[in-house]
Amino acid sequence: MDELQMLRDLPAVANVSKDRITYSNAFKQVCVIRYLAGESPTKIFREAGLPPELIGYKRIERSVARWKAAVLKSVSGSSNMSNGEIITELVNLYVHAVTRKEKLDDIAGIANPDKANIGNAPHPLDGANVSGGGVYIR
């Protein structure tokens, strides 16, 4: 399997061409939350199946910085908040967006095979208070 196909098969990647990788919104959101929690961008990418040797260490750092800046703009009052408070707000927004998508999928009759498999599994966002709107990162 070539590198482009390997990248296409990753859930973190929305699209890939010879000279560009577009990451999924979910990956960007989770990446920023984990980064604000103190994890290394390189570690986050590596765990998502995105080898830094292929992506580029500098490209990873710049992407995370760009996504973080976009997220901070989307969280009102973030300039006066700690990273922990920003993370809590982002988790709330993320949970709300996922819940809204699942409801819309149910209304539209779109089957979600992953939903059946995670029913009894502990969710990493358990206990989050769902409020607010969506977070959009470019």
Side-chain angles (χ1 to χ4, degrees):
M1 179 182 334
D2 70 343
E3 292 170 339
L4 292 178
Q5 188 58 48
M6 185 265 310
L7 291 171
R8 280 186 192 103
D9 292 341
L10 295 173
V13 175
N15 194 19
V16 64
S17 67
K18 285 185 344 185
D19 55 356
R20 181 174 297 242
I21 300 171
T22 304
Y23 300 98
S24 72
N25 286 334
F27 173 70
K28 293 179 206 177
Q29 292 166 351
V30 171
C31 186
V32 170
I33 290 169
R34 290 177 61 185
Y35 175 73
L36 289 173
E39 290 189 52
S40 153
T42 302
K43 177 184 178 202
I44 298 166
F45 270 66
R46 192 181 310 277
E47 288 178 357
L50 298 160
E53 301 80 17
L54 175 63
I55 305 300
Y57 291 92
K58 196 65 165 173
R59 184 168 285 128
I60 290 171
E61 295 291 332
R62 278 186 258 147
S63 294
V64 173
R66 188 174 59 250
W67 302 338
K68 178 186 168 196
V71 162
L72 292 180
K73 284 183 184 177
S74 74
V75 176
S76 80
S78 64
S79 60
N80 299 321
M81 298 168 79
S82 70
N83 279 356
E85 292 168 324
I86 294 169
I87 290 168
T88 299
E89 183 64 20
L90 291 175
V91 168
N92 290 341
L93 294 171
Y94 182 72
V95 169
H96 180 72
V98 169
T99 302
R100 184 176 43 205
K101 181 187 178 313
E102 288 175 351
K103 286 180 182 178
L104 290 172
D105 286 352
D106 286 345
I107 291 168
I110 298 171
N112 184 349
D114 293 333
K115 195 173 179 182
N117 296 332
I118 62 170
N120 296 327
H123 193 279
L125 303 177
D126 276 349
N129 179 22
V130 178
S131 64
V135 175
Y136 301 97
I137 307 169
R138 292 183 183 210

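Everything numeric in this text was worked out from a predicted model, so none of it was measured.
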**Q** Please report the shortest heavy-atom distance between Met6 and Gly49, naming the atom on each side.
**A**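 Here Met6 and Gly49 meet closest at SD-O, 3.9 Å.
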**Q** How far does CD of Glu39 sit from CD1 of Ile33, to the nearest 0.5 angstrom?
**A**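 Reported to 0.5 Å precision, the distance equals 11.0 Å.
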**Q** Any side-chain heavy-atom pair from Leu50 and Leu54 closer than 4.5 angstrom?
**A**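 When only atoms from C-beta onward are counted, Leu54 and Leu50 do not touch, as no gap falls below 4.5 Å.
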**Q** Sequence neighbours left out, cut at 3.5 Å: what donor-acceptor pairs do the side chains of residues 13-20 make with other protein atoms?
**A**
unit_1, atom_1, unit_2, atom_2, d
Ser17, OG, Asp19, OD1, 3.1
Ser17, OG, Arg20, N, 3.3

**Q** Roughly how far, to the nearest 0.5 Å, is CG of Asn80 from CD1 of Ile86?
**A**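 Going from the CD1 atom of Ile86 to the CG atom of Asn80 covers 9.5 Å.
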**Q** Under the rule for side-chain hydrogen bond (donor to acceptor under 3.5 Å, both in side chains), what residues qualify as partners of Arg8, not counting sequence neighbours?
**A**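 With neighbours one apart ignored, the set is empty.
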**Q** What are the two closest non-hydrogen atoms of Ile44 and Tyr35, and how far apart are they?
**A**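 Smallest interatomic distance, heavy atoms only, reads CD1-N, 3.7 Å.
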**Q** Contact between Gln29 and Leu90 at the side-chain level, heavy atoms closer than 4.5 Å - yes or no?
**A**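 They are not in side-chain contact.
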**Q** Measure the OG-NZ distance between Ser63 and Lys58 for me, rounded to the nearest 0.5 Å.
**A**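 It comes to 11.5 Å.
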**Q** State the CD-CZ distance between Glu53 and Arg46, to the nearest 0.5 angstrom.
**A**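 Here the rounded value is 5.0 Å.
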**Q** What is the minimum heavy-atom distance between Pro11 and Ser24, and which atoms define it?
**A**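 Nearest heavy atoms, Pro11 then Ser24: O-OG, 3.4 Å.
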**Q** Taking the side chain as every heavy atom from C-beta outward, state whether Lys28 and Asn25 have any pair of such atoms under 4.5 Å apart.
**A**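 They are in side-chain contact.
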**Q** Considering non-hydrogen atoms only, spot the tightest contact between Thr42 and Pro52 and give its length.
**A**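 Answer, listing the atom of Thr42 first, then Pro52: CG2-CG, 3.3 Å.
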**Q** Which heavy-atom pair separates Val64 from Pro41 by the least distance, and what is that distance?
**A**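 Answer, listing the atom of Val64 first, then Pro41: CG2-CB, 3.7 Å.
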**Q** Measuring from Thr88:OG1 to Leu36:CG, what's the distance to the nearest 0.5 Å?
**A**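 Rounded to the nearest 0.5 Å, the OG1-CG separation comes to 11.0 Å.
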**Q** Over 60° means perpendicular and under 30° means parallel, so tell me whether Phe45 and Tyr23 are parallel, tilted or perpendicular.
**A**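 Aromatic pair Phe45/Tyr23 classed perpendicular.
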**Q** Hey, quick one: are Leu4 and Phe27 part of the same hydrophobic cluster, counting side-chain heavy atoms closer than 4.5 Å, chains of contacts allowed?
**A**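 Same cluster.
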**Q** Where do Leu7 and Ile55 come nearest, in terms of heavy atoms and distance?
**A**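 Looking at all heavy atoms of both residues, the closest pair is CD2-CD1, 4.2 Å.
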